[in-house]
Every structure is written in C-alpha cells, then in structure tokens.
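Let me begin by presenting the structure, written as structure tokens, before commenting on it.
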Amino acid sequence: MPFYHQLGKIPPKRHTIFRKENGDLYYEQLFGTIGFDGMSTNMYHVHRPTQVKKILGQYSVAPKIAKSNNIQSYRFRGFEVKREADFLKSRKAVLTNSDCTIVLAAPTQSTTDYFYKNTDSDELIFVHRGTGTLRTMLGNLKFQYGDYLLIPRGIIYKIDFETEDNRLFIVESKRPMYTPKRYRNWFGQLLEHSPFCERDIRRPEQLETHDEKGDFLIKVRKQDEIFDMIYATHPFDVVGYDGYNYPYALSIHDFEPITGRIHQPPPVHQTFETDAFVVCSFVPRLYDYHPHAIPAPYNHSNIDSDEVLYYVDGDFMSRNDIAAGHISLHPAGIPHGPHPGAVERSIGKVSTEELAVMVDTFKPLMVTEEAMGIADETYYQSWLDH
C-alpha cells in the first residue's frame with residue numbers, strides 16, 4: 001500500500017544502532033518485494049529472524065486441475081464446501097491460472113499450533129461469515145463480515161476466530177495487489193472521486209512482541225508446497241517498524257458506489273488491481289436514473305478475460321436462481337449477460353441491495369477437481385428461452 005505506517009519503537013535513522021535496555025542490539029530486517037524497488041517496511045526484532053532449527057518435510061498443495069481449457073459457464077455452490085477444523089486444510093482451490101488462485105474456505109477453529117507464511121502470493125481474504133483477529137508479525141487486525149484482509153506475501157500470521165461458522169473467499173495473487181491507479185494521484189494518494197479513501201483503511205494497531213525461545217512451527221508455502229520449518233524464536237518478536245508494506249483491512253461496506261444516469265461499466269466497482277487481474281465490489285446502490293434507463297447490465301463479450309462473481313448477499317437482479325455463496329464463472333471467448341427476464345424485471349427499479357465480489361482475470365482460469373464437486377453442470381444452458 002502506498003501509505004506510510006509506523007507502529008512500536010524504532011530508531012531515528014535506518015540502519016543505525018538500536019539497543020535494548022540491557023545494551024544488546026535489536027535486529028533490523030528490511031521486508032520488501034520486487035527486489036529493492038517495491039513497497040518495503042523496516043522492522044526491529046528482539047531475536048535474529050533467521051534462526052531455523054529444522055526443516056521437517058514438505059508436501060504439495062497445488063490445485064488439482066479438472067479442466068485446463070474451459071469455455072463452459074459454471075455456477076459453483078460455494079457453501080457446499082465442507083467445514084474443516086484446520087485453517088490450511090479448509091482452503092479449497094476452485095479456479096486457478098499462473099497469476100492467481102481463487103479459494104474457498106470454511107475453517108471452524110483458530111490456528112493454534114503453527115504459524116503460516118505464503119511466500120508465493122499476496123492473499124486477499126474476504127470474510128463472508130465469521131469474526132475474529134488476524135494476528136501477524138506486524139500487528140493485529142480485528143475482522144468481521146464484509147472485511148477484505150490484504151496480507152502481503154511473506155507476512156507470518158495466524159487467524160483467531162471467535163466463531164465456528166466461518167466462510168472465506170480468498171484470492172491468492174502471484175503479483176502484488178494495489179489500490180486502483182485510476183483512483184490515485186502520482187503521489188499515491190486516493191483522489192476525491194475514489195469510492196474509498198485512506199480513512200476507510202484499517203492498519204494494524206496492536207503489536208505483539210514475544211521474547212520467547214523454543215520450537216515454533218511455521219508452515220511456509222513456496223512453489224505450491226508447504227514446508228514445515230521449526231524456528232528457534234517466536235516469530236512475533238517485533239518491537240517496532242515503519243514503512244509501506246504491511247497487512248490491512250477494508251470493509252466492503254465502506255465502498256461508496258459510483259452511479260450514473262445510465263448503466264455504469266464494471267470498472268467503476270474496482271477495489272484492487274494487479275497487472276494480471278482486478279477485484280471489484282458490487283454494493284447496495286441507487287440504480288441508473290435516466291427516464292428510459294435499463295438497470296440490468298447489457299450483454300457483453302468476454303473476449304480477453306474470465307469473469308468470476310462471488311455472491312455475498314442481497315438480491316442479484318441480473319441472475320436467476322442465485323444464492324449467497326454461489327460463484328459464477330463466465331469464461332473468455334463467449335458473450336454473457338442477464339438471465340431471461342432479468343432485463344424486464346429491472347426496468348423501473350430504483351435501487352439494489354446486492355453485495356458481491358468480482359474477479360476478472362486476463363488469463364484463462366482452469367477449473368479444479370474441488371470446483372467440479374460443487375458445480376452446476378447445466379448452468380451454461382440457463383440463458384435458453386423456454
């Protein structure tokens with residue numbers, strides 16, 4: 001994120017002596033991406049962050065592909081993904097390409113006996129159900145229904161749930177995720193026409209600092225494998241940091257919709273972007289107010305991108321037989337649009353209460369075996385006139 005943040009104790013100057021009360025040094029770490037050219041944070045540890053005792057083993061978590069070249073529109077019933085106690089085991093990849101993976105998860109318990117670090121991807125976790133705390137080496141964030149949690153790659157974290165009924169929609173991105181450049185000036189500040197601003201972004205407030213030695217299991221994801229690594233000190237031992245690379249939260253309920261006299265295109269709903277895909281938020285809003293406006297979206301061709309829509313809540317006026325937790329996939333190469341009757345139903349309507357998250361990718365998505373287990377194989381025929 002292009003917003004400066006400071007938490008805890010730091011010295012007045014980078015790369016200079018910073019001592020503990022007993023005279024020993026704190027250990028500085030530069031935490032950044034894209035070599036030394038991307039966002040970075042300087043943090044200060046009680047212990048050296050490099051003390052690996054053992055590497056116990058590794059195992060694959062690569063998605064298992066059912067359809068590598070797909071042109072069929074699908075509906076996936078996301079709430080049919082079974083609940084599992086463990087946070088990592090609960091994560092089920094449903095769609096994937098070389099840039100991102102879309103995951104559903106229904107964990108019932110907090111992570112207690114390990115820490116997790118994804119070195120492959122930034123993670124965007126949308127909280128559909130559940131409340132709790134995201135605990136990280138750079139501080140903690142409370143979360144609830146409707147929150148996006150953006151966790152940059154390399155962040156060590158745990159999730160403490162206050163609930164058992166938790167439903168998460170996760171986008172794992174091989175590219176860094178940013179706020180949309182159309183809403184930023186060249187300094188990085190969000191502009192007046194942006195649908196959200198810096199006040200809406202919640203940054204870590206509570207910094208945990210553990211001065212502990214022992215055996216600490218960190219599950220590290222690299223190249224679609226998990227490595228079980230035992231570290232000699234607690235990974236949450238940071239006394240302070242400053243910089244631009246840290247986890248943060250943004251509620252979909254704080255996204256202010258952009259409306260117009262006629263139907264607005266999907267880019268006005270954009271919330272996050274990479275150079276390979278975008279994420280959009282569809283929120284309750286007034287419909288178009290031209291006297292002859294058709295609020296339902298027009299048919300449009302997906303020639304260059306796959307469109308994924310995750311339905312969160314409310315009335316989805318452009319679709320028939322859609323419920324919370326469903327995912328629609330409209331692949332590149334074919335047109336798509338409102339279901340039969342949706343255009344007619346929309347005329348004269350003044351507002352919508354729909355809530356949804358959309359992911360548009362510029363490379364085709366492959367459909368996984370997990371997705372086929374919750375797929376509606378007849379969805380692509382739902383536009384036929386009867």
Side-chain angles (χ1 to χ4, degrees), residues 1-7 10 13-14 30-43 99-100 121-126 134 136 138-139 141 143 146-155 171 173-205 241-286 288 304-305 307 355-362:
M1 285 296 294
F3 312 125
Y4 177 81
H5 183 49
Q6 177 184 331
L7 194 61
I10 60 173
K13 198 80 173 171
R14 291 181 294 177
L30 177 67
F31 176 71
T33 58
I34 319 178
F36 287 85
D37 194 48
M39 307 273 200
S40 65
T41 282
N42 276 85
M43 66 182 81
D99 299 317
C100 68
S121 303
D122 288 16
E123 295 187 354
L124 181 68
I125 300 178
F126 178 80
L134 173 68
T136 84
L138 295 181
L141 286 161
F143 64 81
D147 278 343
Y148 291 106
L149 301 173
L150 200 153
I151 307 171
R153 70 201 61 200
I155 290 285
V171 182
S173 174
K174 295 293 197 299
R175 315 295 185 90
M177 300 187 74
Y178 304 120
T179 54
K181 55 181 174 292
R182 65 162 47 84
Y183 296 134
R184 285 187 266 117
N185 62 25
W186 66 289
F187 296 103
Q189 183 180 11
L190 289 166
L191 294 163
E192 286 297 301
H193 68 288
S194 172
F196 59 95
C197 74
E198 289 83 354
R199 295 184 190 182
D200 299 314
I201 293 169
R202 307 197 314 271
R203 306 169 206 192
E205 293 182 352
Y241 68 89
D242 75 330
Y244 293 73
N245 195 30
Y246 51 84
Y248 66 89
L250 171 70
S251 174
I252 197 172
H253 304 300
D254 287 329
F255 186 92
E256 301 300 333
I258 297 171
T259 60
R261 273 173 40 97
I262 58 175
H263 188 81
Q264 299 296 295
V268 302
H269 306 286
Q270 191 175 336
T271 315
F272 304 97
E273 73 177 11
T274 73
D275 59 0
F277 67 91
V278 299
V279 177
C280 300
S281 301
F282 290 85
V283 302
R285 62 194 181 277
L286 295 177
D288 324 309
D304 296 322
S305 65
E307 179 193 280
L355 201 63
V357 177
M358 186 173 78
V359 181
D360 272 9
T361 65
F362 304 131

Taking all atoms of both residues into account, what is the closest heavy-atom pair of Thr136 and Gly139, and its distance?
-> OG1-O, 2.7 Å

Which pairs pass salt bridge (charged side-chain N to carboxylate O under 4.0 Å, His left out) with one or both residues in residues 244-260, sequence neighbours excluded?
-> none

By side-chain contact (heavy atoms from CB on, under 4.5 Å) - contacts of Asp288 (at least two apart) | His263, Ala293, Pro295

Heavy-atom closest contact (Thr274 atom, Pro176 atom, distance) = CG2-O, 3.4 Å

Report yes or no: do Thr179 and Arg184 form a side-chain donor-acceptor pair below 3.5 Å?
-> yes

More than 12 heavy atoms from other groups under 6.0 Å of CG on Asp304 = no

Which pair of heavy atoms, one from Phe277 and one from Cys100, lies closest together, and at what distance?
-> CE2-CB, 3.6 Å

With the side chain counted from C-beta on, respond yes when Pro247 and Leu138 share a heavy-atom pair under 4.5 Å apart, and no when they do not.
-> yes

Main-chain N/O of Met177 paired with Asp122 side-chain donor or acceptor, under 3.5 Å | yes

Steps toward ring-ring contact (aromatic ring centres under 6.0 Å, His included) verdict (Tyr148, Phe272) | CA-CA 10 Å; Tyr148 291 106; Phe272 304 97; 5.2 Å; yes

Separation between CD1 of Ile125 and CD1 of Ile151, rounded to the nearest 0.5 Å | 4.0 Å

Can you find a heavy atom in the side chain of Leu355 that is under 4.5 Å from one in the side chain of His253?
-> yes

Under 3.5 Å, side chain of Asp147 to main-chain N/O of Leu149, donor-acceptor pair present?
-> no

Pairing residues for Ile262 by the side-chain contact (heavy atoms from CB on, under 4.5 Å) criterion, not counting sequence neighbours | His290

Spell out, as yes or no, whether a donor-acceptor pair under 3.5 Å connects the side chain of His193 to the backbone of Ile258.
-> no

Rounded to the nearest 0.5 Å, the CD atom of Glu205 sits from the CG atom of Leu7 at a distance of 8.5 Å

Arg153 side-chain N/O to Ser173 backbone N/O, donor-acceptor pair under 3.5 Å = yes

Side-chain donor/acceptor of Glu307 to backbone N/O of Met358, under 3.5 Å = no

Identify the heavy atoms of Pro195 and Gln270 that sit nearest to each other, and give their distance.
-> CG-O, 4.3 Å

Roughly how far, to the nearest 0.5 Å, is OH of Tyr178 from CE of Met39?
-> 5.5 Å

Closest non-hydrogen atom pair, Glu198 against Gly188 = OE2-O, 4.4 Å

Given the options Phe282, Phe255, Phe196, His269 meets ring pair (Phe, Tyr, Trp, His ring centres under 6.0 Å) only with Phe282

Mind telling me whether Tyr246 and His5 have parallel, tilted or perpendicular rings, with 30° and 60° as the class edges?
-> tilted

Apply side chain to side chain contact (heavy atoms under 4.5 Å, CB included) to the pair Asn42 and Ile10, showing each step before the final yes or no.
-> CA-CA 9 Å; Asn42 276 85; Ile10 60 173; over 6 Å; no

Within the distance-only criterion (no hydrogens, no angle test), does the side chain of Arg203 pair as donor or acceptor with the backbone N or O of Tyr4 below 3.5 angstrom?
-> yes

Please confirm whether the backbone N or O of Ser281 pairs with a side-chain atom of Thr271, one donor and one acceptor, at under 3.5 Å?
-> yes

More than 12 heavy atoms of other groups within 6.0 Å of Arg14 CZ = no

Rounded distance (nearest 0.5 Å) linking atom CG of Leu250 with atom CG of Asp200 = 6.5 Å

Please test Asp99 against Thr361 for side chain to side chain contact (heavy atoms under 4.5 Å, CB included), starting from the C-alpha separation and ending with a verdict.
-> CA-CA 8 Å; Asp99 299 317; Thr361 65; over 6 Å; no

All heavy atoms of Thr41 vs all of Asn245, minimum pair found to be OG1-O, 2.7 Å

Answer with yes or no after comparing the ring centroid distance for Tyr241 and Phe31 against a 6.0 Å cut-off, counting only values under it.
-> no

